[in-house]
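Everything below concerns the one structure shown next.
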Amino acid sequence: MSQVELTLFLESAVRLGIPLALAAMGETITERSGVINIGLEGSIIAGALGGALGALAFEGAGLGVMSGAMAGMLVGLVFAAFAIGLGADQIITGTAVTIGGLGMTGAIYQARFGATGTELSLPTLAPVAIPVLSEIPLVGSALFAQAPTAYFAYLMAPIAWYLLFKTAWGLELRATGEAPAAAEAAGVRVRLVRLVATLFGGAMAGIAGAHLALAHAGTFAENMSAGKGFIAIAVVVLGRWNPILVLFAALFFGAASALQFFLQALAFALAYQIFLAIPNMQTLAALAGWVGKSRAPAALALPWEPHR
Amino acid sequence: MSAGIAPARAREAALLGLGAVTLTLGAGSVLLLLGGYDPAAAGAAMLRGSVGSWNTFVSITLVRSVPLLFAGLAVALAFRAGVWNIGAEGQLYAGAVGGVWVALTFTGLPSPLLVPAVLVASGLAGGLWALVPTLMRLRLGIGEVITTILMNFVGIYMAAWMVHGPLQEQRGVFPQTDRIIEAARLPALIPGTRLHIGFGLALVIAAVLAVMLRRSRFGFQIRAVGASPEAAAVAGRINPARVVFISFLASGAIAGLAGGAEVSGLTYALYEDLSDGWGYTAIAVALLGGLRPGGVVVTAIFFGALQAGAGAMQRDAGIPSAWVDVVEALVILAVLGLDRVRAARAATSTVEGGA
């Protein structure tokens, strides 16, 4: 691989890893509170459509990202209403939210742009090169000449880590996920903490979706989330529920996906469909190889009823 | 956990289902109104397209219900055993590939051998697809929710690769296989209609599952493990791993039959987008059916009618077909919501009764 190729590879690795990083970081916080949100995929696709419609309406990609976050959070709210409010099974609720999110965005898109779907062209989220940093040899342009959402992800990783492990709020959140009965006895409002953590996760997944539409594709397509929500949930496991490790795990996945492009370019004639399946197979393999060493929050996926 | 969504009595399950359908119709109408559509016109188109005539009902609604019936039974069996098999979609595609491969390869066999061979192959392929998440759960302790979903994507892409590559039609023009020979096709169940014996086979499986769950020792073990693996192991001296292994693979095999019956009974070839998310719809089917084989038969036909009606809705009332997915999601949420309300009321009445 020549220097130019390597730079291109690293650049696409980061670009492909960022949406996973954003969604997985949000899900990390959600899962730390004891809630597993399989509906992440629904938040991502809602964020993509919300981002696209917002960018069109406000004629700017920045406000598009905000709309994407709102749309993702709205889907998170539907999930929370059933899984936290009513204490319904989190896996089934999440599955319904994913089906509904994919269906609803498809219906809105078809209603607005016709069943065949005219090719949208959106105001895009252009890369911003950070002076000095982007001139570091090799990794500089890959890491620091990206869309603003990438910098948001870099910033969120240490912030989320700090909140989670160094603040009283983070302690309450983790207690809620590990021992909700003890947390309640100590005066923590378990369901409120879980609601906030789930809405945060929904918003982050919405930003991931907006990144897909505005920074990545420059358009919206039905089902464009293509299973990234589920891969992000696996990335949380691989990153051991630690926001900083999760960022690295997501970038590693981005690199693995980017590598396929290059293998293909280097005349490893791999069928296109196999190539599409590789991220999913990688995730399975990575789970098989890694997961034994990590431990999920003890109360993950268990509904909570407050005791009066 | 599964005990919470499988009501103890059939009558309760039926009431819950009816309530969920009513809620869904209400919520769906409001959403359609918000979207600027006429719910009455949508409803009329839906009824016409699903139960408008005997032939519509048999050749469209019942035919559409066949894969939902197989996959719904697969999901119900898994959920009863506490196995979160969200992977029916991938298992269905694996079954379709396995079935069509046998149908295209063993063309010398006579029909009475070839048809069963096609179905057995699709069941084996579906079971094989479930084997990966089964072993990951039992050997490595990795939850099956994510792994089955990931296997869905792998299955869909694998089938797509097959029709672009190894199994593509000989002309090499379209992404599909050659049509399978007459001897490999499922005969009609009702002559003169498109309804094939796959429907009958699914009903037989439903009956076997119903008897097995209620009357057999293994059925008891499934229900015990589904309610609590620890309690089943301690009190019932049941080996939960064995129960999970068998029911997970059986679930995969039944979902595989959905794909095999579809290609050998209806399409006679494998296409890229064979399934319209039926493996996910199956979750709604199973839940609405109260995770009971008999209930699943009713709800699979109901969802078959929804899918048949959705086509008419799009043609006659201009409503995007993606609305069907929204309706599915609403059904699942309505079942979950009503079930929680039921559980809360049951808890209250117990407390009052005890006081």
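Chain letters run A, B, ... following the sequence lines, proteins first and then strands; every chain starts at 1.
Contact detail for B:Ile142 and A:Leu287: the closest heavy-atom pair is CD1-O, 3.5 Å. Heavy-atom minimum distance, A:Ala107 versus B:Ala322: N-CB, 3.6 Å.
Contact of the A:Leu276 side chain with the B:Trp161 side chain is not registered, since no non-hydrogen atoms from C-beta on lie closer than 4.5 Å. With contacts defined as side-chain heavy-atom distances shorter than 4.5 Å, the pair A:Ile231/B:Leu150 qualifies.
Of the atoms belonging to A:Thr95, it is side-chain heavy atoms, and not backbone ones, that fall under 4.5 Å from chain B. Using a 4.5 Å cut-off between heavy atoms, A:Ile38 touches chain B through its side chain atoms alone.
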Would A:Leu102 and B:Asp325 count as a side chain to side chain contact (heavy atoms under 4.5 Å, CB included) if you check the C-alpha gap in whole Å, the side-chain angles of each, and the deciding distance to 0.1 Å? CA-CA 8 Å; A:Leu102 293 171; B:Asp325 297 334; 5.7 Å; no

Dump the intermediate steps for side chain to side chain contact (heavy atoms under 4.5 Å, CB included) on A:Met104 and B:Leu31, then the final yes or no. CA-CA 10 Å; A:Met104 199 74 198; B:Leu31 281 177; 4.2 Å; yes

The test is side chain to side chain contact (heavy atoms under 4.5 Å, CB included); show your working for B:Leu336 and A:Leu86 and say whether it passes. CA-CA 9 Å; B:Leu336 287 175; A:Leu86 290 172; over 6 Å; no

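Within a 6.0 Å radius of CZ in A:Phe252, other residues, nucleotides and ligands contribute 12 heavy atoms or fewer. A 6.0 Å sphere centred on CH2 of B:Trp278 holds more than 12 heavy atoms belonging to other residues, nucleotides or ligands.
Contacts with chain A were tallied for B:Val324, B:Val145, B:Ile319; B:Val145 has the most, counting heavy-atom pairs under 4.5 Å. Of the listed residues A:Gly100, A:Ala96, A:Gly106, the one with more heavy-atom pairs under 4.5 angstrom with chain B than any other is A:Ala96. Ranked by heavy-atom pairs under 4.5 Å with chain B, the list A:Ile108, A:Ile233, A:Asn280, A:Val78 is led by A:Asn280.
Within residues 151-159 of chain B, the residues having any heavy atom under 4.5 Å from a heavy atom of chain A are, by residue number, B:Met151, B:Phe153, B:Val154, B:Tyr157.
Separation of atoms CD (A:Gln273) and CD (B:Glu272) is listed at 6.5 Å; rounding is to 0.5 Å. The CD1 atom of B:Ile149 sits 11.0 Å away from the CG atom of A:Leu284 when rounded to the nearest 0.5 Å. Taking CD1 of B:Ile146 as the start and CZ of A:Phe230 as the end, the distance is 7.0 Å to the nearest 0.5 Å. For the atom pair A:Asp89 CG and B:Arg340 CZ, the distance stands at 9.5 Å (nearest 0.5 Å). From B:Trp84, atom CH2 reaches atom CD1 of A:Ile91 across 7.5 Å, with rounding to the nearest 0.5 Å.
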